[in-house]
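To start, the structure under review is shown below, and the notes come after it.
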Amino acid sequence: MGMAFIEARDFNLEATIESAQIFGYRREPDGSFLLSVRGSVLRLHQNSERLCVQTVQGPAVSPETIRNYFDLDTPMEPLFRILEEEPPLLDALTAFRGLRIIRQNPWHATAAFIISANNNVKRIRGIWDRMCRFYGRHELDFPDTARLISEGPEALDRMGLGYRAKYLWATANAILCGPVEFRELYTLPLDEARRKAMAYAGVGPKVADCILLYGFHRPEAFPVDVWIARAMRRLFFRNRPASAARILAFASKRWGPWAGYVQQYIFHAARTIGSGT
DNA sequence: AGCCAGGCAGAGA
DNA sequence: TCTCTGCATGGC
């Protein structure tokens, strides 16, 4: 069983994993996390600035891959400076300093956030687990597009996605048949990438920004869901009504390339610390 | 027991 | 472009 230690400064493993950017993981009683990274199952434990990585299943994962997966080589000072200059966001920074955006599998992000529409985190996790158990080789193994399609649309209908099943089915087929177009989302200008992403079934403005932020690591994307909309109105719009489009424009202008990162701190704070006062 | 959930698609104005 | 509605399901 391989074991490695990785120096990880300005990193908060718990906040990173539990901030609902990924849904397939298991929290162990001792506080460590079990999750699938690039096809292998890892057991992760953080001890101050040291990350302990154990390979539980599959080939050993290199430290470089771990650093890339958790975005550990991006200096966080610019983000911390931004958050320090925003009084409404100081609590979130204090609570979750070191929360980072994971470089997850693009298809996983696409599937997860198609499932997430008009849904709740508990249930999204339940659906994710069910799909891993049915399609995968183990309980953290989410199916790739080919595997999903191999079982036919009826199998997907039994996973509890409701009306989203047909969206995920259509999008899985589109991605499998057009992998080059899918990969273009890494490099296309943001608005063009948004339009391309929204061409997939079940992908609107919000899910498109989730796909770009979490799946293609484009931190300038800023998904506005009901939690973010509420928090932003309260923190920056004096509780006045503001459309999602207006909130997005505000965030992009104010935080630019870090908007998506700021969003993750606001989102996690809104869901865990609460929206009091 | 009804409201809500990391919204989207389609229709109509 | 904008607003409005129906939508599957289950947690609370």
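None of the values given here were measured: they were computed from a predicted structure. Each chain gets a letter, A, B and so on, in the order its sequence line appears, and its residues count up from 1.
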5' priority, DNA chain B, between A/F267 and A/Y200 [closest heavy atom]: A/F267

Counting side-chain heavy atoms from C-beta on, which of [options] comes nearest to [X]?
| X | options | result |
| --- | --- | --- |
| A/K122 | B/dC8, C/dG10, C/dG11 | C/dG11 |
| A/Y163 | B/dA5, C/dC7, B/dC8 | C/dC7 |
| A/P205 | B/dC8, C/dG11, C/dA8 | B/dC8 |

When the distance from [atom1] of [X] to [atom2] of [N] is rounded to whole Å, what number comes out?
| X | N | atom1 | atom2 | value |
| --- | --- | --- | --- | --- |
| A/R123 | C/dA8 | CZ | C1' | 7 Å |
| A/N118 | C/dG11 | CG | P | 15 Å |
| A/N119 | B/dC3 | CG | P | 19 Å |
| A/W128 | C/dG11 | CH2 | P | 19 Å |
| A/I114 | B/dC8 | CD1 | P | 10 Å |
| A/W227 | B/dA5 | CH2 | P | 7 Å |
| A/W169 | B/dC8 | CH2 | C1' | 21 Å |
| A/R246 | C/dC2 | CZ | P | 14 Å |

B/dC3 to C/dG6 separation - P atoms, rounded to the nearest Å: 15 Å

Nearest-Å distance once atom P is located in both B/dC4 and C/dT5: 16 Å

If you look at every strand shown and take non-hydrogen atoms under 4.0 Å, does [X] touch a base, only sugar-phosphate, or nothing?
| X | answer |
| --- | --- |
| A/Y214 | base |
| A/V224 | nothing |
| A/S19 | base |

Pair of N/O donor and acceptor under 3.5 Å linking B/dG7 base with A/Y167 side chain: no

Other cluster members, A/Y69 - Ile/Leu/Val/Met/Phe/Trp/Tyr, side-chain contacts below 4.5 Å: A/I6, A/F11, A/L13, A/I17, A/I22, A/Y25, A/F33, A/L35, A/V37, A/L42, A/L44, A/L51, A/V53, A/V61, A/I66, A/F70, A/L72, A/I102

Distance flag, aromatic centroids of A/F237 and A/F250, threshold under 6.0 Å: yes

Single hit among A/R271, A/R27, A/H268 for side-chain hydrogen bond (donor to acceptor under 3.5 Å, both in side chains) with A/E18: A/R27

A/K166 vs B/dA9: side-chain N/O to OP1/OP2 distance below 4.0 Å: no

C/dA8 OP1/OP2 closer than 4.0 Å to side-chain N/O of A/R158: no

Closest non-hydrogen atom pair between A/R218 and A/L188, with its separation: NH1-O, 2.6 Å

Plane angle bin for A/W107 and A/F142 - parallel if under 30°, tilted between 30 and 60°, otherwise perpendicular: tilted

